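Working notes, beginning with the structure itself.
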Amino acid sequence: MGRPRQRRHPVPGRPPRLGLRPHVTLSVFDQADRSRITGALRPLPATVGGLPLTLAGPGFFLTDEAPAVLAVVPTARLLQLHRQVHEALDPIVDGIWPCYRPDAMVPHCTLATGATDRTRVIDVVATYPMPIPALASAAYLVDLPGGRTRTSLTADSW
């Protein structure tokens, strides 16, 4: 029989190191108490399920991690949820990353990190019709680095 073949990641580079499903990150911060965060955010995810997202096209962040992303169209509903998340987090967390604050976030879905051959990424992504309609299904709190500890903020589970 042999071993099942591993499926190659379609975009050149490494899959996001956390092994997560495609996702849109609403906040990143340095330090906080997990139970306080969970309590503060628990009311918000009711608005996440079914949140329409439009993945508009490929892009890149020019950082050491070199992520390849799909841009997410910033709708009023997505931006409102993002602002609500930050209103809940601001008083209880330390070190919110400036690029994730309201009025600074660039909504995106990470495809791969370490994407040094951007032309190849564009070639692969170009095989899919754009824009891609999507629906958010759940909200999670993920610990970095490593991404192993996940707290579901919605009834949905992986």
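Since the structure is predicted, the reported quantities are computational estimates derived from the model, not experimental observations.
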Point-to-point distance, once rounded to the nearest 0.5 Å, from OH of Tyr128 to CG of Leu70 = 10.5 Å
Residues which pass side chain to side chain donor-acceptor pair (under 3.5 Å) with Thr63, listed by chain and number, not counting sequence neighbours = none
Taking side chain to side chain donor-acceptor pair (under 3.5 Å) as the test, write out the residues that go with Asp30, two or more places apart.
-> Trp97
Within a strict 4.5 Å, meaning less than it, do heavy atoms of the Val28 and Ile96 side chains meet?
-> no
Do any N or O atoms from the side chain of His86 and from the backbone of Pro102 form a donor-acceptor pair under 3.5 angstrom?
-> no
Those residues at least two apart in sequence (or on a different chain) that pass side-chain contact (heavy atoms from CB on, under 4.5 Å) with Pro74 are Leu79, Pro107
Across all chains, not counting sequence neighbours, the ring-ring contact (aromatic ring centres under 6.0 Å, His included) partners of Phe61 are His108
What about Leu89 and Val48, same hydrophobic cluster or not, with Ile/Leu/Val/Met/Phe/Trp/Tyr joined at side-chain heavy-atom distances under 4.5 Å?
-> yes
What pairs of donor and acceptor atoms, side-chain ones from residues 36-45 against any protein atom, are under 3.5 angstrom apart with sequence neighbours left out?
{"from": "Thr38", "atom 1": "OG1", "to": "Arg34", "atom 2": "O", "distance (Å)": "2.9"}
{"from": "Arg42", "atom 1": "NH1", "to": "Ser152", "atom 2": "O", "distance (Å)": "3.2"}

Flag the pair Leu53 / Leu78 as yes when at least one side-chain heavy-atom distance between them is below 4.5 Å, and no otherwise.
-> yes
Any pair counted as side chain to side chain donor-acceptor pair (under 3.5 Å), so long as it reaches residues 68-80, sequence neighbours left out = none
Group every Ile, Leu, Val, Met, Phe, Trp and Tyr by side-chain heavy-atom contacts under 4.5 Å, then state whether Leu51 and Val85 land in the same group.
-> yes
Would you say Arg118 and Thr116 make side-chain contact, with heavy atoms under 4.5 Å?
-> no
Thr119: partners by side-chain contact (heavy atoms from CB on, under 4.5 Å), with sequence neighbours left out | Asp117, Asp123
Residues that Thr54 engages under side-chain contact (heavy atoms from CB on, under 4.5 Å), provided they are two or more places apart | Val73, Pro131
Treating Ile, Leu, Val, Met, Phe, Trp and Tyr as nodes and any side-chain heavy-atom pair under 4.5 angstrom as an edge, say whether Val72 and Val125 lie in one connected cluster.
-> yes
Calculate, to the nearest 0.5 Å, the distance between atoms CG and CZ belonging to Asp94 and Phe29 respectively.
-> 10.0 Å
Tell me, please, which residues at least two apart from Ile122 pass side-chain contact (heavy atoms from CB on, under 4.5 Å).
-> Pro58, Phe60
If Ile, Leu, Val, Met, Phe, Trp and Tyr residues are connected whenever their side-chain heavy atoms lie under 4.5 Å apart, and connections chain through other members, are Leu55 and Leu111 in the same group?
-> yes
For Ile132 and Pro129, which heavy atoms make the closest approach, and how far apart are they?
-> CG1-O, 3.5 Å
Taken to the nearest 0.5 Å, the spacing of Leu26 CG from Tyr100 OH works out to 9.5 Å
Interatomic distance, OG@Ser27 vs CE@Met105, rounded to 0.5 Å, equals 10.0 Å
Which atom pair, heavy atoms only, marks the closest approach of Leu135 to Gly50?
-> CD2-O, 3.4 Å
Could you give all pairs that pass the salt bridge (charged side-chain N to carboxylate O under 4.0 Å, His left out) test and reach residues 78-87, with sequence neighbours left out?
-> Arg83-Asp103
